[in-house]
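Below: the structure, in structure tokens.
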Protein chains: 2
Amino acid sequence: MTDVYKALADETRRLLLDELMQRDEQTLFELCTKLAMNHDLTPTRQAVSQHLGVLESAGLVRVERRGRYKLHTINTAPLAEIAERWPLRKAQQ
Amino acid sequence: MTDVYKALADETRRLLLDELMQRDEQTLFELCTKLAMNHDLTPTRQAVSQHLGVLESAGLVRVERRGRYKLHTINTAPLAEIAERWPLRKAQQ
DNA sequence: TTGACATGCAAGTGTTCACTTGCCTATTGT
DNA sequence: ACAATAGGCAAGTGAACACTTGCATGTCAA
């Protein structure tokens, strides 16, 4: 169980969430490709897999196995905790 | 310049933000005391000072020097970026 | 003015973390 | 069946990070 805050601490993981916002149900390989194409990042497949594991452990990504494919879907619900914990105050605007 | 996400990654820093939500313009020593009282944490003064430095660098804490006191105030505005970057989708609710 | 108080700076240490490497398992198509 | 594809496991490495220690600076009150 990773907490949401630690999951967001890494830029690569944030970019993975960005890509999943664009389209749900993407495989590990698709996400690796998009990191390279859209962000000039070329971590190994294992590194990306570990990042997705952290995101899943934090509840930010849901996984569904379909044959030999593992499809990843974003779940932004846990992020609500952040806005609720430190709400915006009018005086600061 | 620390990014907001890294600033939130540490539990002690999150608790400091919690304490600053309760009351603005607190000194380093006040915050040290509250970490001990409310959360059973006893890091050194320097450790807490460094954490406050990270929060300030991320724009989450504003500082005002008043004589020998340094008063810390929370600024939750940077957190809005998170909710905007990965908005909640109806289908997930 | 001098001692107490509030904070700052900087080097050193141990742990956490991202990443790689190497090998293994499972599924699919021909 | 078997080669190709998609993914998994686990140990090892280097860097980033939280934290401490020791000393220095600046402010205030008696």
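Naming convention: chains lettered A, B, ... in sequence-line order (proteins, then strands); numbering from 1 in each chain.
In summary, D18(A) and K34(A) do not engage in a salt bridge, as defined by a charged side-chain N under 4.0 Å from a carboxylate O. In summary, K70(B) and E64(B) do not engage in a salt bridge, as defined by a charged side-chain N under 4.0 Å from a carboxylate O.
dT27(C) atom P lies 15 Å from atom CD of E64(A), rounded to whole Å. Look at NZ on K6(A): it is 12 Å from C1' on dT15(C), rounded to the nearest Å. Following rounding to the nearest Å, D3(B) (CG) and dA16(D) (C1') show an atom-to-atom distance of 13 Å. As rounded to whole Å, 12 Å separates atom P of dC19(C) from atom CG of L52(A). Remark: P of dA18(D) and CG of L16(B) are 12 Å apart, rounded to the nearest angstrom. Rounded to a whole Å, the CZ atom of R68(A) is 6 Å from the C1' atom of dT27(C). One interatomic measurement links the two molecules: CD of E56(A) to C1' of dG8(D), which rounds to 13 Å at whole-angstrom precision. Protein atom CD of E11(B) is 14 Å distant from nucleotide atom C1' of dA18(D), rounded to whole Å.
Distances were taken from every side-chain heavy atom of H51(A) (C-beta onward) to each of dA4(C), dT20(C), dC19(C); the shortest belongs to dC19(C). Counting only heavy atoms from C-beta on, A47(B) has its side chain closest to dT20(D) among dT20(C), dT27(C), dT20(D). The listed nucleotides are dT7(C), dG7(D), dA18(D); the one nearest the side chain of F29(A) is dG7(D). Closest to the side chain of S49(B), out of dA18(C), dG8(C), dC17(C), is dG8(C).
Side-chain nitrogen and oxygen atoms of K70(B) include at least one within less than 4.0 Å of the OP1 or OP2 phosphate oxygen of dG8(C).
Side-chain contact check for V4(A) versus L79(A): some heavy-atom pair is nearer than 4.5 Å.
Remark: the Q46(A) side chain and the dG22(C) base include a donor-acceptor N/O pair separated by less than 3.5 Å. No hydrogens or angles were tested; on distance alone, a donor-acceptor pair under 3.5 Å links the side chain of R45(B) to the base of dG8(C). Residue-to-nucleotide contacts include no donor-acceptor pair under 3.5 Å from the side chain of R65(B) to the base of dG26(D).
Under the 3.5 Å distance criterion, with hydrogens and angles disregarded, no donor-acceptor pair is assigned to the side chains of H72(A) and E56(A). Y69(A) and Q26(A) are not linked by any side-chain donor-acceptor pair at a separation below 3.5 angstrom, with hydrogens and angles left out of the test.
When the nearest nucleotides of DNA chain D are assigned to H72(A) and Q50(A) by heavy-atom distance, the more 5′-ward of the two goes with H72(A). For P43(A) and E30(B), each mapped to the nucleotide of DNA chain C holding its nearest heavy atom, the one lying further toward the 5' end belongs to E30(B).
Residue R13(A) is in sugar-phosphate contact alone, with no base atom involved, counting any heavy-atom pair closer than 4.0 Å across all strands shown.
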